[in-house]
Amino acid sequence: MEERVGLILTAGELLLTCGAEMARVEDTIERMGCAAGFTQVESYATPTGLFISLHDPAGRVYTRVKRIREGRNDIATIAAVNALSRAFSAKQMGVDEVRSALEGLQQDRAPDGLARQLIGGGGALAFAVMFGGGWREAVLAGMVGALVLMVVSRLEGRFPKVLQAAAGAMVASAVITGISRIWEFNANVTILGAVMVLAPGMVMTTAIRDLLGGELVSGLSRSAEALVIAVAIAVGVAVVLSLGGV
């Protein structure tokens with residue numbers, strides 16, 4: 001039973017670390033707990049902590065607390081853990097198989113190399129076009145967006161997300177402002193497209209989902225996180241523009 005408790009805790013921790021909404025985390029823990037043979041399953045999840053209490057048929061209670069100190073946006077891992085929990089609940093996978101799969105997911109990380117930067121650059125390019133930019137603005141926004149992701153990836157794990165966002169916005173604004181001195185294009189639209197790779201889209205979406213589900217603590221905390229990151233992006237751009245002027 002101790003091994004099964006650890007299995008359930010690992011699944012919940014992975015979901016929280018990858019940015020899953022609270023309802024999904026608690027539902028996964030309940031499903032896996034019942035499938036593991038526990039008669040009563042209680043869980044309480046917040047963006048920074050996980051609390052579970054499992055009762056076995058003999059009356060013993062297993063309580064665990066897990067502190068979540070850092071996270072990332074990884075929808076693929078969330079979907080994988082979700083699929084594992086469903087398969088375990090349906091008796092299609094055993095404890096050892098699920099444990100092995102979860103350990104593999106813990107070791108894997110979201111792509112953080114050239115692929116991620118190219119995809120992010122493509123997103124920045126698309127946003128520049130959406131904001132009314134031409135081919136010059138789109139190409140520059142894509143290139144600078146990829147550069148911003150490269151810079152932010154070097155800061156991950158060393159600095160808070162707020163400082164990462166501010167630094168990325170400053171880099172984007174500084175590079176685009178410098179290029180605008182020698183090449184004529186709409187710098188404002190280009191900056192907007194480039195900094196969109198820093199926007200906390202998943203955090204905002206999850207915050208709304210939590211609020212609609214009645215999870216006020218996580219919904220408000222994630223809303224505050226998204227707001228602070230958005231302000232940091234705006235401040236980073238404003239600092240550079242106030243110095244260089246566009």
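Only heavy atoms go into these numbers, but all of them, side chains included; no hydrogens, no water, no symmetry mates.
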(request) List the steps, then state whether side-chain contact (heavy atoms from CB on, under 4.5 Å) holds for Trp183 with Arg136. (result) CA-CA 10 Å; Trp183 195 23; Arg136 293 183 181 180; 3.7 Å; yes
(message) Using the rule given for side-chain contact (heavy atoms from CB on, under 4.5 Å), can you reason through Ile191 versus Leu241, listing the C-alpha separation, both sets of side-chain angles and the distance that settles it, and then say yes or no?
(response) CA-CA 10 Å; Ile191 292 174; Leu241 295 188; 3.9 Å; yes
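A distance-only check finds a donor-acceptor pair linking the side chain of Glu97 to the backbone of Gly94 [under 3.5 Å]. Side-chain N or O atoms of Thr206 include none that pairs as donor or acceptor with a backbone N or O of Val203 at under 3.5 Å. Formation of a donor-acceptor pair under 3.5 Å by the Glu30 side chain with backbone atoms of Val41 is not found in this model.
Rounding to the nearest 0.5 Å places CZ of Arg67 at 5.0 Å from OG1 of Thr48. The structure places CG of Leu14 at 5.0 Å from CD of Gln106, a figure rounded to the nearest 0.5 Å. One distance of note links CE of Met32 with CD1 of Ile52; it measures 10.0 Å at 0.5 Å rounding. Here the SG-CD1 distance, from Cys34 to Ile29, works out to 11.5 Å after rounding to the nearest 0.5 Å. Put simply, CG on Leu54 and CG on Leu9 are 9.0 Å apart, with the number rounded to the nearest 0.5 Å. Taken to the nearest 0.5 Å, the CD atom of Gln117 stands 5.5 Å off from the OG atom of Ser153.
Residues Cys18 and Ile78 form a side-chain contact, since some pair of their non-hydrogen atoms from C-beta on lies under 4.5 Å apart. Taking the side chain as every heavy atom from C-beta outward, Gln164 and Arg158 never approach each other to under 4.5 Å. Between Val240 and Val171, every side-chain heavy-atom pair lies at or beyond the 4.5 Å cut-off. The side-chain heavy atoms of Thr63 and Phe51, taken from C-beta on, include no pair separated by under 4.5 Å. A 4.5 Å side-chain heavy-atom check between Ile229 and Leu198 finds every atom pair outside the cut-off. Between Met170 and Val239, the closest side-chain pair of non-hydrogen atoms falls below 4.5 Å. Side-chain atoms of Lys66 and Leu16, non-hydrogen and from C-beta on, never get closer than 4.5 Å to each other. Between Met22 and Arg209 the shortest side-chain heavy-atom distance does not fall below 4.5 Å.
Ile119 and Leu125 fall into different hydrophobic clusters, where Ile, Leu, Val, Met, Phe, Trp and Tyr are joined by side-chain heavy atoms under 4.5 Å apart, directly or via other members. Under the 4.5 Å side-chain heavy-atom criterion for Ile, Leu, Val, Met, Phe, Trp and Tyr, Val228 and Leu220 are members of distinct hydrophobic clusters. In this structure, Leu105 is a member of the same hydrophobic cluster as Val95, with clusters built from ILVMFWY side-chain heavy atoms closer than 4.5 Å. Residues Leu50 and Val65 fall into different hydrophobic clusters, defined by Ile, Leu, Val, Met, Phe, Trp and Tyr side chains chained together at heavy-atom separations under 4.5 Å.
Residue pairs meeting the side chain to side chain donor-acceptor pair (under 3.5 Å) criterion with at least one member in residues 34-45, sequence neighbours excluded: Gln40-Glu42. Residue pairs satisfying the salt bridge (Lys or Arg N to Asp or Glu O under 4.0 Å) criterion with at least one member in residues 219-233, sequence neighbours excluded, are listed as follows: Lys161-Glu225, Asp210-Arg222.
Residue Val61 is found outside any hydrophobic cluster, as its side-chain heavy atoms come under 4.5 Å of no other Ile, Leu, Val, Met, Phe, Trp or Tyr. Hydrophobic cluster membership for Leu192: Phe127, Met130, Phe131, Val189, Met196 (Ile, Leu, Val, Met, Phe, Trp, Tyr linked by side-chain heavy atoms under 4.5 Å, directly or transitively). In this structure, Leu212 shares a hydrophobic cluster with Ile208, the cluster being traced through Ile, Leu, Val, Met, Phe, Trp and Tyr side chains under 4.5 angstrom apart.
Legend: residues meeting side chain to side chain donor-acceptor pair (under 3.5 Å) with Arg60, ordered by chain and number and at least two apart, are Asp56, Tyr62. Applying the side-chain contact (heavy atoms from CB on, under 4.5 Å) rule to Ala194 yields the partners Val144, Ala172, Ile176; only residues at least two apart in sequence or on another chain are considered. Under the rule for a side-chain contact (heavy atoms from CB on, under 4.5 Å), the partners of Ala232 that lie at least two apart in sequence or sit in another chain are Val162, Ala165, Ala166. Take Arg99 and apply the salt bridge (Lys or Arg N to Asp or Glu O under 4.0 Å) test, not counting sequence neighbours, and it matches Glu3, Asp96. Asn82 meets the side chain to side chain donor-acceptor pair (under 3.5 Å) test with Arg24, Arg86; sequence neighbours excluded. Applying the side chain to side chain donor-acceptor pair (under 3.5 Å) criterion to Glu137, with sequence neighbours excluded, gives no partner residue. Residues satisfying the side chain to side chain donor-acceptor pair (under 3.5 Å) test with Glu2, not counting sequence neighbours, are Arg64.
Between Ala11 and Val81, the shortest heavy-atom contact is O-CG1, 3.9 Å. The two residues Ala207 and Ser223 come nearest to each other via the heavy atoms CB-OG, 3.5 Å. Shown here for Ala124 and Val197, the closest heavy-atom pair between the two residues is CB-CG1, 4.0 Å. Between Ala45 and Val25 the shortest heavy-atom distance is CB-CG1, 4.0 Å. The shortest heavy-atom contact between Gly37 and Arg4 is N-NH1, 4.4 Å. For the pair Ile68 and Glu13, the tightest heavy-atom approach, listed with the atom from each and the gap, is CD1-CG, 3.8 Å.
Around the CD1 atom of Ile75, the shell of radius 6.0 Å holds no more than 12 heavy atoms that belong to other residues, nucleotides or ligands. Counting heavy atoms of neighbouring residues, nucleotides and ligands inside a 6.0 Å radius, atom CE of Met204 exceeds 12 of them.
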